[in-house]
2 protein chains.
Amino acid sequence: MTSTSFTPPKYFQISREIIERIQRGELSIGAPVPSETEIIERYRVSNTTARKVLHELEKAGWVTRIKGRGTFVRQYAVERAITRIFGFTRNMIEVGRKPSTRLIGLRVRDEPHSQIVNGREFTMAGPVCEIERLRLADGIPMMKETRTISLQLCPDIQQRNLEQSLYSLFETEYRIHLTEIDQMLSAIMLEGPWLDIFKTPRPIPAFRVEGVSFAGKGLIVEMEDSVYRGDMYQFAAKASRHDHG
Amino acid sequence: MTSTSFTPPKYFQISREIIERIQRGELSIGAPVPSETEIIERYRVSNTTARKVLHELEKAGWVTRIKGRGTFVRQYAVERAITRIFGFTRNMIEVGRKPSTRLIGLRVRDEPHSQIVNGREFTMAGPVCEIERLRLADGIPMMKETRTISLQLCPDIQQRNLEQSLYSLFETEYRIHLTEIDQMLSAIMLEGPWLDIFKTPRPIPAFRVEGVSFAGKGLIVEMEDSVYRGDMYQFAAKASRHDHG
């Protein structure tokens with residue numbers, strides 16, 4: 001393939017320029033972005049192009065339009081559905097970001113592993129494999145997880161490539177399909193060594209997610225203790241009548 | 001009724017003493033509480049009584065026992081199920097605390113009200129009634145909510161007693177039963193004026209919950225924008241296969 005000289009369309013150039021201003025923090029979360037009229041005047045473009053710019057920004061999740069009020073910079077956060085079983089990898093692909101994983105710790109222990117989730121203590125028989133991983137999107141550290149996996153159910157998992165999706169590994173290598181995950185969310189503050197891990201200069205609010213994953217009734221596959229950056233994540237949930245009781 | 005002189009049982013006195021030490025912060029979250037052997041020695045009681053003390057503390061949610069490791073002070077936080085439709089009042093009664101509500105703002109507006117929840121913009125036709133309330137448990141401010149209610153569906157709600165459960169009011173006065181609530185959780189930091197509202201000296205992490213409540217398909221009853229103290233709340237969720245997709 002030969003590279004062709006190519007001038008991106010005007011609407012694309014303008015939307016890139018606005019995105020860069022958001023990324024540099026010149027336009028902060030909640031701030032208004034230029035209106036259709038302002039774009040027409042500033043860049044000398046048609047109203048079709050101006051409209052396309054705003055549509056482009058909205059589609060990519062950078063801004064939000066509020067009827068009768070204008071267009072505002074949206075929180076640059078990934079939405080995560082708390083009631084769906086799906087992993088980081090798939091979550092990131094869905095929102096159009098490139099996921100990667102860095103293994104930062106690995107330990108095999110013979111003792112059983114216990115964790116409290118939603119006021120109940122869950123215990124998984126040993127031996128277990130404890131993995132610590134940093135998960136990134138487009139190279140930005142998004143969350144850090146500690147996952148303790150049953151070696152009875154997943155023998156020799158410590159010898160696998162652990163920088164891939166564990167859910168895929170469970171399914172393809174061990175034929176284990178998770179049926180339920182019980183999770184507990186806490187709001188915490190990241191300080192001290194956490195700031196190095198997430199490469200952020202100031203303390204940031206975060207979610208701590210503790211969970212226990214089952215394959216069938218009562219069969220625990222793994223337990224999780226993860227930290228999701230609050231400036232990068234929002235959790236989505238639905239409450240409904242039939243969950244009552 | 002005449003009051004009878006009554007000496008509380010020994011196990012009760014000891015557990016009260018330990019609870020007071022937790023409340024005063026002498027025993028902090030995660031710290032070990034006296035073991036069965038230590039209770040027997042310190043208070044000169046039987047092992048039955050000592051066991052009863054620990055059981056009592058655990059039942060009331062003050063401590064958690066980890067097999068082979070001991071008994072530790074638990075986070076003094078209320079658990080809230082994110083996938084159940086139930087209000088603050090019921091949540092507090094379930095965990096044995098006394099709920100109360102303080103109305104701190106009330107406004108009727110003619111314009112429609114819009115909010116973004118989980119990337120979607122929801123709009124409710126006007127007029128609407130906007131209520132700001134502080135919710136307390138045993139006199140401690142736990143969360144602050146702004147609820148914007150449809151006056152088309154709940155006419156004259158501004159003239160009702162708004163220091164009671166709104167869910168009860170919807171059901172008894174307007175025969176409205178919520179069928180679904182879409183919610184979005186963010187992790188934020190409470191600073192500045194928030195510290196006065198929650199009477200806390202230092203910044204604390206918190207959950208922001210934005211929600212939209214439906215009675216039947218697409219019929220919006222109210223929208224919510226609330227702040228739950230992170231040191232007082234944990235959210236519980238279950239993910240399962242059938243929510244997939």
Side-chain angles (χ1 to χ4, degrees), chain A residues 61 64-69 74-75 77 79-86 111-112 114-119 121 123 177-190 203-211 213-214 228-231 233-245, chain B residues 61 64-69 74-75 77 79-86 111-112 114-119 121 123 177-190 203-211 213-214 228-231 233-245:
Chain A
T64 194
R65 289 207 245 190
I66 301 182
K67 218 174 278 178
R69 288 206 270 153
R74 233 189 111 176
Q75 186 165 357
E79 193 186 305
R80 189 171 169 80
I82 187 89
T83 47
R84 271 175 74 193
I85 296 182
F86 74 143
E111 317 87 75
S114 291
Q115 242 176 264
I116 312 273
V117 175
N118 298 328
E121 186 186 342
T123 300
H177 302 272
L178 299 185
T179 50
E180 187 176 297
I181 307 178
D182 287 9
Q183 290 168 306
M184 183 169 71
L185 271 70
S186 315
I188 60 168
M189 185 87 99
L190 298 183
I204 45 173
F207 293 100
R208 180 176 178 191
V209 178
E210 292 162 275
S213 299
F214 301 92
Y228 288 77
R229 291 174 62 156
D231 57 345
Y233 270 100
Q234 286 178 325
F235 284 87
K238 263 187 217 301
S240 48
R241 268 291 138 187
H242 52 81
D243 285 314
H244 223 303
Chain B
T64 194
R65 289 207 246 191
I66 300 182
K67 216 175 279 177
R69 287 206 270 154
R74 233 190 111 177
Q75 186 166 354
E79 193 186 305
R80 186 169 172 81
I82 187 90
T83 49
R84 272 175 73 193
I85 295 182
F86 76 143
E111 316 87 74
S114 291
Q115 243 177 263
I116 311 273
V117 175
N118 298 329
E121 186 186 341
T123 300
H177 302 272
L178 299 184
T179 50
E180 188 178 295
I181 307 178
D182 287 9
Q183 290 168 305
M184 182 168 73
L185 271 72
S186 316
I188 60 168
M189 183 88 95
L190 297 182
I204 44 172
F207 292 100
R208 180 176 177 192
V209 178
E210 291 161 276
S213 299
F214 301 92
Y228 288 78
R229 292 173 63 154
D231 56 345
Y233 271 100
Q234 286 179 325
F235 284 86
K238 261 188 218 303
S240 49
R241 267 292 138 187
H242 52 81
D243 286 313
H244 224 301

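A, B, ... follow the sequence lines: proteins, then strands. Residue 1 opens every chain. Just so it is clear, the model here is predicted, and its values are computed rather than measured. Atom set for the values below is all heavy atoms of this structure, side chains included, hydrogens, waters and symmetry mates excluded.
Here the CG-CZ distance, from B:Asn118 to A:Arg80, works out to 13.5 Å after rounding to the nearest 0.5 Å. Rounded to the nearest 0.5 Å, atoms CG (A:Leu178) and OG (B:Ser240) are 11.5 Å apart. Of the inter-residue distances, the one linking B:Phe207 atom CZ with A:Leu185 atom CG reads 5.5 Å to the nearest 0.5 angstrom. With rounding to the nearest 0.5 Å, the separation of CD1 in B:Ile82 from CD in A:Gln183 is 11.5 Å.
Between the side chains of B:Gln234 and A:Ser186, a donor-acceptor pair is found at a separation under 3.5 Å.
A:Pro205 and B:Ala187 get closest at one heavy-atom pair: CG-O, 3.5 Å.
With a 4.5 angstrom heavy-atom cutoff, A:Ala237 touches chain B via backbone and side-chain atoms both. Only the backbone of B:Ala206 comes within contact range of chain A, with at least one heavy atom under 4.5 Å from a heavy atom of that chain.
Interface summary for chain A: among B:Asp182, B:Ile188, B:Val209, B:Ile181, the most heavy-atom pairs under 4.5 angstrom belong to B:Ile181.
Every residue meeting the side chain to side chain contact (heavy atoms under 4.5 Å, CB included) condition with B:Ile116, not counting sequence neighbours, appears here in chain and number order: A:Thr64, B:Glu121.
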